[in-house]
Protein chains: 2
Amino acid sequence: MKRVTQSDVAAMAGVSTAVVSAVISPKPGKTIRVGEEAEKRVRAAMETLGYAPDVVAQSLAGGKRNIIGVFTYEAIFPSDSENFFYPFLLGIERGAMKLGQDLLLFTSSSLEKGPRSIFPGGANRMGVADGAILLGEEPDKRELKRLYDTGFPFVTIGRRDTVKAELNWVAADYAAAVADVVKRCAALGHRKLKFVGATKVREQNIDRERGFMGRQAEDLTLSVERCETDDINGEWLRRCLDDGYTVVLTETFKHAVALECQVAAMHGSVPQTISIVALASPLTRPADVERWTRISVPREEMGEVAVRNLIAQIRSPENTPIKTTLPCGFVPGSTLQAI
Amino acid sequence: MKRVTQSDVAAMAGVSTAVVSAVISPKPGKTIRVGEEAEKRVRAAMETLGYAPDVVAQSLAGGKRNIIGVFTYEAIFPSDSENFFYPFLLGIERGAMKLGQDLLLFTSSSLEKGPRSIFPGGANRMGVADGAILLGEEPDKRELKRLYDTGFPFVTIGRRDTVKAELNWVAADYAAAVADVVKRCAALGHRKLKFVGATKVREQNIDRERGFMGRQAEDLTLSVERCETDDINGEWLRRCLDDGYTVVLTETFKHAVALECQVAAMHGSVPQTISIVALASPLTRPADVERWTRISVPREEMGEVAVRNLIAQIRSPENTPIKTTLPCGFVPGSTLQAI
DNA sequence: CTGAAAGCGCTTACAG
DNA sequence: CTGAAAGCGCTTACAG
């Protein structure tokens, strides 16, 4: 079972291995060109010999290997919690299929517990891949900078602001999505809208808030508040209603649920007592989420585009970083009413 | 950003690259041994230089690369159907983590539609990995034989009977699980039990049937029938009851549901009219499946063991194939009653 | 248009 | 116990 190599093909076609190499991986600025006749012979030889290039050797020799890495800071396939990564993975797989790439999941670089780290060891392992897609929240953003400094191509899922490093990323357009929600609320007659968000402020939270405050207008009163879900108690709701807010935009589902609980506790109901719009997309789709008026995040598409952008960066490293924002959707539910 | 290589380390430690190689990958029957002093110097040099071996080069040179491939005939992350592979993947990831392996998903070898094939091209791509885990039903079993002939180590999830090839596999012990179900039914007073299975008979179906018929005894009447779910109609049920069967063991949930439908159609109910036990495990766990008396399949564990066995085969290729069966569980529901 | 040669970073007999 | 050398299968300047 000896492997058929390039030199076998070259011998059969009566050319040198360099010619075979040129045939199997045609490059624009190639220093070597092949005649039609020679190419025909090479292809015929490849056919009869059943030759296929050895990716490992191609890789070592500096060629492309058609493998893209997928790195996550937590387990990719969690059992206990919702599978946050699944929809992204789905899109990534589709993108990889379309572009003829294999996917390398970096599972080795993780301790059994605790967050993974790209370094040390990880970065070296990544070297097998042509580039990588980074998923999930990084516990330490300096790692991104450090990876960036190595020159290894990668794209993050989710916008990333980094000092002294222009990163490739694919993100959902939360700003536009939230602005759209505000517009819809206004069209339904709402004049006082409250935004309740998480206390942990990352890029996507900033984007949502920006989209919200960007709709500031004469006839609208917008206020932003960030708090834990525990802080949304009876008093909080009382104050909210007394202040005249008719709709609350919550950054997470947890906030939305906490709020609805309080409404129920005071024998009110949503959206009669107050309207609620969730500025997030749930991971699973149990029956209960359908009723919520909310935005949808194009997770699968983000994964697919991430692959596409990554390949583009690998092929043309001189490119400026690619930053893609994808539009979110508005999902009408029954928690927002006109007033 | 030049990569730190083995020779950098060797130079700093004042030894040859062979010694460094011996230090980073100690092998039992190594032709080269390293002195304590030298090893210490090498480790120190590796430390200060931040050296980590290049897996690609290791691979080309014939060393191990700590990458295991995962091949599926269909998309690994399906969007439309239930994710059949997820629980296995979860176990595989856990196993890979524990054993310091990365996971390479072969997504490139698939056309956009139609089943994937290991050949051609695929086998070459697999070469990057040390071995592979094969998931899902193969449309053409000859491919397994062919892959086996290449000498590439792999293990399948699910038992595989192949002519002239002893394969490594990890399977659920359906035979024992079904035998156990029969025993439980008998203990509850059932004397006439019917087994209804899928018409497509693969290894796991054979195992179930074997487990069933293996409990044949004087005081038990056991009968096996294979049919489409459509064939389970009113007449079928009538006959079943007339014949005196008091419990039906169904190979799939679909069969179980079809049967229950017919029971309902004749204004009966399960388990009053007849008991049902599903000899399968659902992929998702919606509220509705909980009530079924059924067996559970240790999918995660199967994935984890598959990794472990694969690594064992990679390390000792002279081993005989490893065939592991893992016990299933019995999940009491409310569709089986004593009579 | 094509060949001979070096080199990618490792591992592994083969000599000392 | 350790070094020099060949080789894994490719790609890529460098010469023709």
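Naming convention: chains lettered A, B, ... in sequence-line order (proteins, then strands); numbering from 1 in each chain.
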- prompt: Are A/E39 and A/R43 ion-paired here, with the side-chain N under 4.0 Å from a carboxylate O?
  reply: yes
- request: For the side chain of A/S16, starting at C-beta, report the closest nucleotide among C/dG3, D/dC8, D/dC10.
  value: C/dG3
Closest to side chain of A/A57, choosing from D/dT11, D/dG9, C/dC10: D/dG9
With sequence neighbours excluded, residues passing side-chain contact (heavy atoms from CB on, under 4.5 Å) with B/A165: B/K145, B/Y148, B/T162, B/L167
- prompt: Quick one: B/Q6 CD to C/dT11 C1', roughly how many Å, whole number?
  reply: 8 Å
task: Rounded off to whole Å, could you give me the CG-to-P distance for the A/D8 and D/dC8 pair?
output: 11 Å
- request: Starting from C1' on C/dC10, measure out to CG on B/N66 and report it in whole angstrom.
  value: 14 Å
query: With sequence neighbours excluded, what pairs up with A/E301 under the salt bridge (Lys or Arg N to Asp or Glu O under 4.0 Å) test?
result: none
A/K40 NZ to C/dT2 P, straight-line distance once rounded to whole Å: 13 Å
query: For B/K40, which residues count as a salt bridge (Lys or Arg N to Asp or Glu O under 4.0 Å) partner, sequence neighbours excluded?
result: none
message: Measuring from the side chain of B/A61 (C-beta onward, heavy atoms only), which nucleotide among D/dT11, D/dG3, D/dC8 has the closest atom?
response: D/dC8
message: What's the closest nucleotide to the side chain of A/V19 if the choices are D/dT11, C/dC10, C/dG3?
response: C/dG3
message: Could you tell me how far apart B/R41 (CZ) and D/dT2 (P) are, to the nearest whole angstrom?
response: 7 Å
message: Measure CD1/B/I67 against C1'/C/dC10 and give the value in whole Å, please.
response: 15 Å
message: The side chain of B/T5 is closest to which nucleotide in this list: C/dG9, D/dC10, C/dT11?
response: C/dG9
field: Given B/E138, B/E166, B/E203, the one that forms side chain to side chain donor-acceptor pair (under 3.5 Å) with B/R160
entry: B/E138
- request: Have a look at B/V15 and say if it touches a base, only the backbone sugar-phosphate, or nothing, with a 4.0 Å heavy-atom cut-off.
  value: sugar-phosphate
- line: All stems that DNA chain C takes part in, i.e. 3 or more consecutive Watson-Crick or G-U pairs with distances under 3.5 Å, are C:1-3 with D:14-16, C:5-12 with D:5-12, C:14-16 with D:1-3
Any residue meeting side-chain hydrogen bond (donor to acceptor under 3.5 Å, both in side chains) with B/D161, in chain and number order, not counting sequence neighbours: B/R159
message: If you compare every side-chain N and O of A/Q58 against the phosphate oxygens of C/dC8 (OP1, OP2), does one of them come in below 4.0 Å?
response: no
- prompt: Whole-Å distance between D/dC10 P and A/I24 CD1?
  reply: 6 Å
query: Between A/L60 (CG) and C/dA6 (P), how many Å, whole number?
result: 18 Å
side-chain contact (heavy atoms from CB on, under 4.5 Å) partners for B/T17, two or more places apart: B/Q6, B/S7, B/A10
